[in-house]
Asker: 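A single structure is presented below for examination.
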Amino acid sequence: MNWRCDVQNFEPDVKISLTRVGVTNLKKLVRLKRANKRPIILLSTFEVFVNLPSSQKGIHMSRNPEVIEGIIDEALEIESYEMETICEEIVKRLFKKHEYATEAEVFMVSDFMTKEKSPISGKYSQEIHKIMGGAKGVKKDNKVEITKIVGAEVVGITACPCAQNLIKEMSIKKLKEEGFSDEEIEKIVRSVIFATHNQRGIGRIILEVPTGYEIEIMDIIEIIKKSMSAEIYGILKRADEAYVVEQSHKKPMFVEDCVREMAKNIVEKFKHLPDETRVLIRQINMESIHRHDAYAEKVSTLGELREELLFES
């Protein structure tokens, strides 16, 4: 008697369909080969899912890691393979491995190292950002429609506008009490930078675009960087430290300001992307004088963002 059987194919006791079933926290080393450049080595964490109909007890879980291993091996031999392209291929093969599925999704997060130069001394240091790639697939009438996901998360610095304004008002009051004239006070206010408290800011942008559109990950990283009060660096000499502190205090920003600035920069940079592109923008500011963190988020389509900014102008 053959005792082997696929229990996953049995009918479940409770016949309810499931939205996503799969594996998370699957770590793989990914090597992206690039034309005329050194390859990029990424330590990536994958999430891989398919949906499950109410008539089936379980998915064939081991097939998900097998699919990823095969795609990663192929990426070693192909020029200019991108994270989102890898994920797109994984989604296509998930449908082949899970014939019962009508939806499939893969998402990967990797540490991405860049070489950054400090603003004054020109010292180079390695900086690590998080980059994201993914794909979502929907199968209808044996045709698969795929949406690609690309994003990044960058750490910077923000300076609080509210506290800075309070310090400015207190300073003006003290100057008046010391007998300075209004003309002298105005000159002093123009010449000095007022103190405030800082936060380490974490900005994130994720875009979901139809297949056929390309996005350069460094463009997203640069948008996040310039949407905060100042950048941070691995190596800073004294002149660099003074510059970063000065720049951050010259450009104080609320957490809300960062999200709005990212939205504006996305619209300006990605004019080639269609209106249906989904946009997630998130900023977390880790407070220095409060026990809580500040959070702001915008979820929209690119078309809706364009309309809002057009109406504003």
Side-chain angles (χ1 to χ4, degrees), residues 114-129 152-205 221-269 281-298 309 312-313:
T114 60
K115 210 169 186 181
E116 307 284 352
K117 185 168 70 170
S118 58
I120 304 300
S121 65
K123 298 288 185 181
Y124 282 96
S125 61
Q126 291 181 340
E127 305 294 331
I128 296 178
H129 311 296
E153 184 176 279
V154 176
V155 179
I157 186 174
T158 57
C160 178
C162 183
Q164 189 176 62
N165 193 58
L166 291 172
I167 295 296
K168 179 180 177 180
E169 290 176 353
M170 289 171 56
S171 299
I172 291 172
K173 182 180 178 182
K174 287 180 181 178
L175 289 170
K176 287 182 178 180
E177 291 172 353
E178 292 292 331
F180 287 88
S181 68
D182 289 345
E183 185 179 334
E184 290 172 325
I185 291 173
E186 185 179 341
K187 189 174 182 180
I188 292 170
V189 168
R190 287 200 310 266
S191 303
V192 301
I193 296 173
F194 292 96
T196 187
H197 67 96
N198 298 110
Q199 306 101 353
R200 178 165 289 190
I202 305 170
R204 173 182 286 197
I205 293 173
I221 290 173
E222 289 303 319
I223 286 173
I224 301 172
K225 281 184 178 180
K226 70 179 184 180
S227 298
M228 288 185 252
S229 297
E231 295 181 38
I232 60 174
Y233 302 86
I235 296 177
L236 291 174
K237 307 301 284 184
R238 289 182 180 180
D240 298 311
E241 289 186 10
Y243 177 85
V244 170
V245 172
E246 181 183 41
Q247 289 302 114
S248 65
H249 283 69
K250 281 183 176 179
K251 188 184 174 185
M253 300 180 75
F254 289 126
V255 67
E256 299 95 327
D257 295 323
C258 296
V259 170
R260 287 173 172 142
E261 192 70 16
M262 282 189 272
K264 179 175 73 71
N265 290 330
I266 287 169
V267 169
E268 291 175 354
K269 184 66 181 180
I281 309 168
R282 188 183 80 179
Q283 178 78 15
I284 300 174
N285 285 352
M286 303 171 70
E287 295 281 6
S288 57
I289 65 170
H290 303 291
R291 294 189 181 275
H292 59 263
D293 295 331
Y295 183 97
E297 180 181 276
K298 175 70 172 178
L309 288 168
E312 175 193 306
S313 61

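Owing to the predicted nature of the structure, the values given are computational and were not obtained by experimental measurement.
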Asker: Considering residues, nucleotides and ligands other than Glu177, do more than 12 of their heavy atoms fall under 6.0 Å from its CD?
Answerer: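 Yes, enclosed.
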Asker: Verify side-chain contact (heavy atoms from CB on, under 4.5 Å) between Leu236 and Lys123, making sure each step is shown before the conclusion.
Answerer: CA-CA 8 Å; Leu236 291 174; Lys123 298 288 185 181; over 6 Å; no
Asker: Between atom CD1 of Ile157 and atom CE of Met286, what is the distance when rounded to the nearest 0.5 Å?
Answerer: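 So the gap between those two atoms works out to 12.5 Å.
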Asker: Take Lys176 and Lys173, measure what side-chain contact (heavy atoms from CB on, under 4.5 Å) needs, and give me the verdict at the end.
Answerer: CA-CA 5 Å; Lys176 287 182 178 180; Lys173 182 180 178 182; 5.8 Å; no
Asker: Rounded to the nearest 0.5 Å, what's the gap from CG on Asn285 to CD on Glu256? Could you check?
Answerer: 9.0 Å
Asker: List the steps and the verdict of side-chain contact (heavy atoms from CB on, under 4.5 Å) for Glu268 and Asn265.
Answerer: CA-CA 5 Å; Glu268 291 175 354; Asn265 290 330; 3.8 Å; yes
Asker: Taking all non-hydrogen atoms of both residues into account, name the closest pair between Asp240 and Ser118 and its distance.
Answerer: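 That would be OD2-OG, 3.4 Å.
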Asker: Output yes when Glu261 and Lys226 qualify as a salt bridge under the 4.0 Å nitrogen-oxygen rule, no when they do not.
Answerer: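 Between Lys226 and Glu261 there is no salt bridge, as every charged N stays at least 4.0 Å from the carboxylate O atoms.
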Asker: Strictly distance-based, threshold 3.5 Å: is any side-chain N or O of Glu127 a donor or acceptor partner for the main-chain N or O of Tyr233?
Answerer: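 It does not hold such a pair.
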Asker: Quick one: pull up NZ in Lys264 and CD1 in Ile266 and give me the separation to the nearest 0.5 Å.
Answerer: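 Result: 11.5 Å between the selected atoms.
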Asker: Could you grab the distance from atom CD1 of Ile224 to atom NE2 of His129, nearest 0.5 Å is fine?
Answerer: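 Between atom CD1 of Ile224 and atom NE2 of His129 there are 9.0 Å.
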Asker: Answer whether the closest heavy-atom distance between the side chains of Glu287 and His197 falls below 4.5 Å.
Answerer: yes
Asker: For the side chain of Ser229 and the backbone of Lys251, is there at least one donor-acceptor N/O pair under 3.5 Å apart?
Answerer: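 Yes: the side chain of Ser229 pairs with the backbone of Lys251.
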Asker: If the condition is side-chain contact (heavy atoms from CB on, under 4.5 Å), which residues does Phe194 pass it with, not counting sequence neighbours?
Answerer: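 Phe194 satisfies side-chain contact (heavy atoms from CB on, under 4.5 Å) with Gln164, Ile167, Lys168, Ser171, Val189, Val192 only.
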Asker: Taking NZ, NE, NH1 and NH2 as the nitrogens, is one of them in Glu222 or Lys225 under 4.0 Å from a carboxylate oxygen of the other?
Answerer: yes
Asker: For the pair Glu186 and Arg190, find out whether any cationic side-chain nitrogen is under 4.0 Å from an anionic carboxylate oxygen.
Answerer: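 Here Glu186 pairs with Arg190 in a salt bridge, since their nearest N and O are under 4.0 Å apart.
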Asker: Provide the closest heavy-atom pair for Thr196 versus Ala159 in the form atom of the first, atom of the second, distance.
Answerer: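 In this case the closest contact between Thr196 and Ala159 is CG2-CB, 3.7 Å.
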Asker: Quick one: closest heavy-atom pair of Thr158 and Met253, and the distance?
Answerer: CB-O, 4.0 Å
Asker: Once rounded to the nearest 0.5 Å, what's the spacing between atom CD of Gln283 and atom CD of Glu153?
Answerer: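 Here the rounded value is 9.5 Å.
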Asker: Roughly how far, to the nearest 0.5 Å, is CD of Glu116 from CD of Gln126?
Answerer: 11.0 Å
Asker: I need the minimum non-hydrogen distance between Lys269 and Ile223, along with the two atoms involved.
Answerer: CB-CD1, 3.9 Å
Asker: Do you know the tightest heavy-atom contact between Val244 and Ala230?
Answerer: O-CB, 4.0 Å
Asker: What do you reckon, is OH of Tyr295 surrounded by more than 12 foreign heavy atoms closer than 6.0 Å?
Answerer: yes
